[in-house]
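Have a look at the structure below, then the notes.
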Amino acid sequence: MRLLNTVKEVQDVVAPLRLKDKKIGFVPTMGALHNGHISLVKQCIADNDISIVSVFVNPTQFNNKEDLVKYPRNLEQDCLFLEKAGVDFVFAPSEKEIYPEPDTREFDFGQIDKVMEGVHRPGHFNGVAQVVSRLFDIVKPDKAYFGEKDFQQLAVIRAMVKQLELPVQIVPMPIVREPSGLALSSRNERLNAAQKQVAVNISKTLFESKEWMQSQTVKEVIDKVTNQLNSQEELNVEYYEIVDGDSLQSVNNWQESDYIVGCIAVFCGDVRLIDNIVYKAKA
């Protein structure tokens, strides 16, 4: 495995591979890697001739500067993790490499980035689009891999690829969970042992809610999920919305769409966790 720190190093690696018609797979990350990331990496390695993983904590997608400062960073450990997984190249640039000039681009994705995370983290998805489009321009991958835990982010990236007409296939990967059911997240590192036990209630309640939908309305399920989680000490639901899986717009009843997903953001102490559950899967 080789560590690359500059755009030029990546371009010097990628150009000859392209001439040889090698397929390049790419996994963009912000580091603090866990087995959820490794599931993306393993699929990337299986599907492509060459695998590249980026590790870059992108400042433009943090609307909360304190969150940016607290975000866990351990490049050395991440590299060991990736080398063991069999990755070919790790791209770990400085902020100056990614943004030699301030990125002032403003993206318009219609309504998909205006709801849920978009309401509570203004500017977040614009920052995501900035960094992912920049990374795609540098790496020029054939396929890029993203986890479905960040459900709205995946929709935004698909919209960005379509809007910019980028020649990359977006490959979604299922949520990876701890044995307890808690969705794997880099932010889990910030939970203490007691909080981790409490946080398990997020996935537990979402799984239970699939049964409630048989006899209760959409609004009743939203209220029950929210109330049940808020009754737990240290948990505070920021939002829980049940939406059409394509448009991300709220649904009012279970018959309104053939693809329905519940998306949630919950504070456990001061750690913000997200998760989702599919109520009606896409055919």
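Hydrogens, waters and symmetry mates are skipped; everything else that's a heavy atom, side chains included, is used. The shown structure was predicted, so the numbers you read here are calculated from the model rather than taken from an experiment.
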Please evaluate residues Asp270 and Arg187 with respect to the criterion salt bridge (Lys or Arg N to Asp or Glu O under 4.0 Å), reporting the C-alpha separation (whole Å), side-chain torsions for both, the decisive distance (0.1 Å), and the verdict. CA-CA 11 Å; Asp270 67 347; Arg187 294 171 194 270; over 6 Å; no
Kindly determine whether Thr226 and Tyr239 satisfy side-chain hydrogen bond (donor to acceptor under 3.5 Å, both in side chains), including the steps that lead there. CA-CA 8 Å; Thr226 304; Tyr239 69 79; over 6 Å; no
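Distance check, rounded to the nearest 0.5 Å: CG of Asn63 to CG of Asn126 gives 12.0 Å. Summarising the geometry, atom CD belonging to Glu208 is positioned 8.5 Å from atom CG belonging to Asn201; distances are rounded to the nearest 0.5 Å. Distance check: Gln153 CD to Asp113 CG gives 12.5 Å after rounding to the nearest 0.5 Å. For the atom pair Thr217 OG1 and Lys224 NZ, the distance stands at 11.5 Å (nearest 0.5 Å). A distance of 12.5 Å separates NZ in Lys149 from CG in Leu154, rounded to the nearest 0.5 Å. Going from atom SG of Cys44 over to atom NZ of Lys143 covers 9.5 Å, rounded to the nearest 0.5 Å.
Both Phe136 and Val7 sit in one connected hydrophobic cluster of ILVMFWY residues. Membership requires side-chain heavy atoms under 4.5 Å apart, directly or through other members. Transitive grouping of hydrophobic side chains (ILVMFWY, heavy atoms separated by less than 4.5 Å) keeps Ile274 and Ile222 in distinct clusters. Under a hydrophobic clustering in which Ile, Leu, Val, Met, Phe, Trp and Tyr are joined whenever their side-chain heavy atoms come within less than 4.5 Å, directly or via other members, Leu166 and Val128 fall into the same cluster. Put simply, Leu184 and Ile202 are part of two different groups of oily side chains (I, L, V, M, F, W, Y) that touch within less than 4.5 Å, one to the next.
Remark: Glu9 pairs with Thr6 by the side chain to side chain donor-acceptor pair (under 3.5 Å) rule, at least two apart or across chains. By the side chain to side chain donor-acceptor pair (under 3.5 Å) test, Asp244 pairs with Ser247, Ser257, sequence neighbours left out. In this view, Glu211 satisfies the salt bridge (charged side-chain N to carboxylate O under 4.0 Å, His left out) rule with no residue, not counting sequence neighbours. Considering only residues two or more places apart in sequence or on other chains, Phe107 meets the ring pair (Phe, Tyr, Trp, His ring centres under 6.0 Å) condition with Phe109.
Its side chain outside the 4.5 Å cluster rule for every partner, Phe267 clusters with none of the Ile, Leu, Val, Met, Phe, Trp and Tyr residues. Members clustered with Val87: Met1, Leu3, Val27, Leu33, Ile38, Leu40, Val41, Ile45, Val53, Val55, Leu75, Phe81, Leu82, Val90, Tyr145, Val171, Met173, by chain and number, using a 4.5 Å side-chain heavy-atom cutoff among hydrophobic residues.
Side chain of Gln130 to backbone of Arg105: a donor-acceptor contact under 3.5 angstrom is found.
Looking at Arg158 and Asp246, no side-chain N of the basic residue comes within less than 4.0 Å of a carboxylate O on the acidic one, giving no salt bridge.
Side-chain contact, Asp275 with Ser203: no donor N or O sits under 3.5 Å from an acceptor N or O.
By the 6.0 Å and 45° rule, Lys280 does not stack over the aromatic ring of Trp254.
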